[in-house]
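Notes to accompany the following structure.
One-based numbering, in listed order, for ligands and for the atoms of each. Only this structure's heavy atoms are used, side chains among them; waters, hydrogens and symmetry mates stay out.
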Amino acid sequence: MGIYLDYNATAPLRDEARAAMLAAFDAPGNPSSVHAAGRHARARVEDARRTLARAVGAAPADIVFTGGGTEANNLGLLGLLAANRCTHLFVSATEHPCVHAAAEHPGLPVHLIPASADGVFDLDHLRSVLARLDQEARPILALMLANNETGTIQPVAEAAQLMHAAGGFIHVDAVQAFGKMPLSLADLGADTLAVSAHKIGGPMGVGALALACGTKLAPRNLGGGQERGLRGGTENLAGIAGFAAAAAAALTDLDKNDSIRMLRDYLQEQLLAIAPDALVVGGNAPRLGNTLCLATPGFAADTQVMRMDLAGFAISSGSACSSGKVKKSAVLQAMHVPDTFSSCAIRISLGKTTTKDELDSFAAAWGAALASIQEKKSA
Ligand code: PLP
């Protein structure tokens, strides 16, 4: 299968999650049914809710299971906005596309809050726009905790304080941060916080939205009253069980993140020794310990991804590829990374199974690919 260095895209399924899912598949029952099978299924869902609540620092009653991180972000941002009749919508410029797309939906003007060259959210800019609002305004902000492309960690707690002091709300996309750093909705002061199972070794297509106590939220999926009426639809029992098992395992594995960070730093040093003109995007800001976004001028990102794929390594490019067209990364554009770098940015993201030997062989293969490109150019 080769060497997997794309944990920010998705993490391999954890054994604990697989076992929990198989157990749930083998015990049929609709959590809304009143008979014994239904009650067992309900118990499994409520057990999972308690685990998730513990993992994100919220109360079990304030966890809403969703069909993934995208849905949780949509529900958090649009649900808060609608229930609280927000009047002004602020979105950090480096958000995930699912947040930008959701922000377009209500038809309110979207005010983008810029980021520094290292991708850090501009708190002063937020402060100045909030200061200009009138007393009746009810602003809402969408701000991620950690960026998927660069790993940059955002000053969410400070932004939450500013929003609340202005009578507003904050939705936090914690999809990438979850499992990679300690996380608490209560400590961050978030009103809503989105997480996704497959980024922590759970199954794809399951996520959760955590709410601060007493938060008003309007549902988006209307149906049979599941999830306290906040997300209609029969619960994805096996998915939820797998998510909770992965979350519990990720919590106990949090201390492994230090060694992952050391490995990432080791790889970064190796690659910079091979290509001293390369740029570590977001390298001067607080960053997730598993993520390296590296831009090597003259070594196109799609070429790097293909070359490394042929050599047996899975990595991503900083630019998103959709419908066969490689688009510029909106995140790197928001950071004003010059085109010569952004078109050459790759993302390498490590996980708990990554070893130093794997990184040594990656560095060797990457160095060889770069040398062959340079040779071709000079021929
Ligand atoms: N938010 C961030 C920061 C992400 O990285 C992703 C996935 O790439 C999502 C949201 C969407 O999550 P999901 O894939 O579960 O829909």
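- The nearest non-hydrogen atom to atom 1 (N) of ligand 1, considering only Thr66, Asp173, Val331, comes from Asp173.
- Heavy atoms of Thr70 found under 4.0 angstrom from ligand 1 belong to the backbone as well as the side chain.
- The shortest contact between atom 5 (O) of ligand 1 and any protein heavy atom is with Gln176 NE2, 2.9 Å.
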For this session: Begin with the C-alpha distance, continue with both residues' side-chain angles, and end with the deciding distance and a verdict on side chain to side chain donor-acceptor pair (under 3.5 Å) for Lys180 and Asn8.
Result: CA-CA 10 Å; Lys180 299 181 184 127; Asn8 287 12; 3.2 Å; yes

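- Residue-ligand proximity, His198 to ligand 1, at heavy-atom distances under 4.0 Å covers atoms 13 (P), 14 (O), 15 (O).
- Ion pairing of Glu46 with Arg42 is present here, as a side-chain N (NZ or NE/NH1/NH2) and a carboxylate O approach within less than 4.0 Å.
- Remark: Arg228 engages no residue in a side chain to side chain donor-acceptor pair (under 3.5 Å) (not counting sequence neighbours).
- Ligand 1 places these atoms under 4.0 Å from at least one heavy atom of Gly69: 12 (O), 13 (P), 15 (O), 16 (O).
- If you look at Lys199 next to ligand 1, the close heavy atoms, those under 4.0 Å, all belong to the side chain.
- Asp6 is not listed as a side-chain neighbour of Phe313, based on a closest heavy-atom distance of 4.5 Å or more.
- With ligand atoms numbered from 1 in the order given, ligand 1 contributes 3 (C), 5 (O) to contacts under 4.0 Å with heavy atoms of Asn148.
- Relative orientation of the Trp366 and Phe299 rings is tilted, given thresholds of 30° and 60° on the angle between their planes.
- You'll find the side chain of Asp122 stays beyond 4.5 Å of the side chain of Ser116, heavy atoms only.
- The side chain of Asn73, and not its backbone, has at least one atom closer than 4.0 Å to an atom of ligand 1 (non-hydrogen atoms only; side chain from C-beta on).
- Inclusion of Ala146 in the set of residues having an N or O under 3.5 Å from an N or O of ligand 1 is not warranted.
- When the heavy-atom distances from atom 4 (C) of ligand 1 to Glu149, His96, Met144 are ranked, the shortest goes to His96.
- Checked against a 6.0 Å centroid threshold, the rings of His111 and His125 count as neighbours.
- The N/O atoms of Ser196, backbone and side chain alike, include one that comes under 3.5 Å of an N/O atom in ligand 1.
- Grouping the Ile, Leu, Val, Met, Phe, Trp and Tyr side chains by contacts below 4.5 angstrom, directly or via other members, places Leu141 with Leu162.
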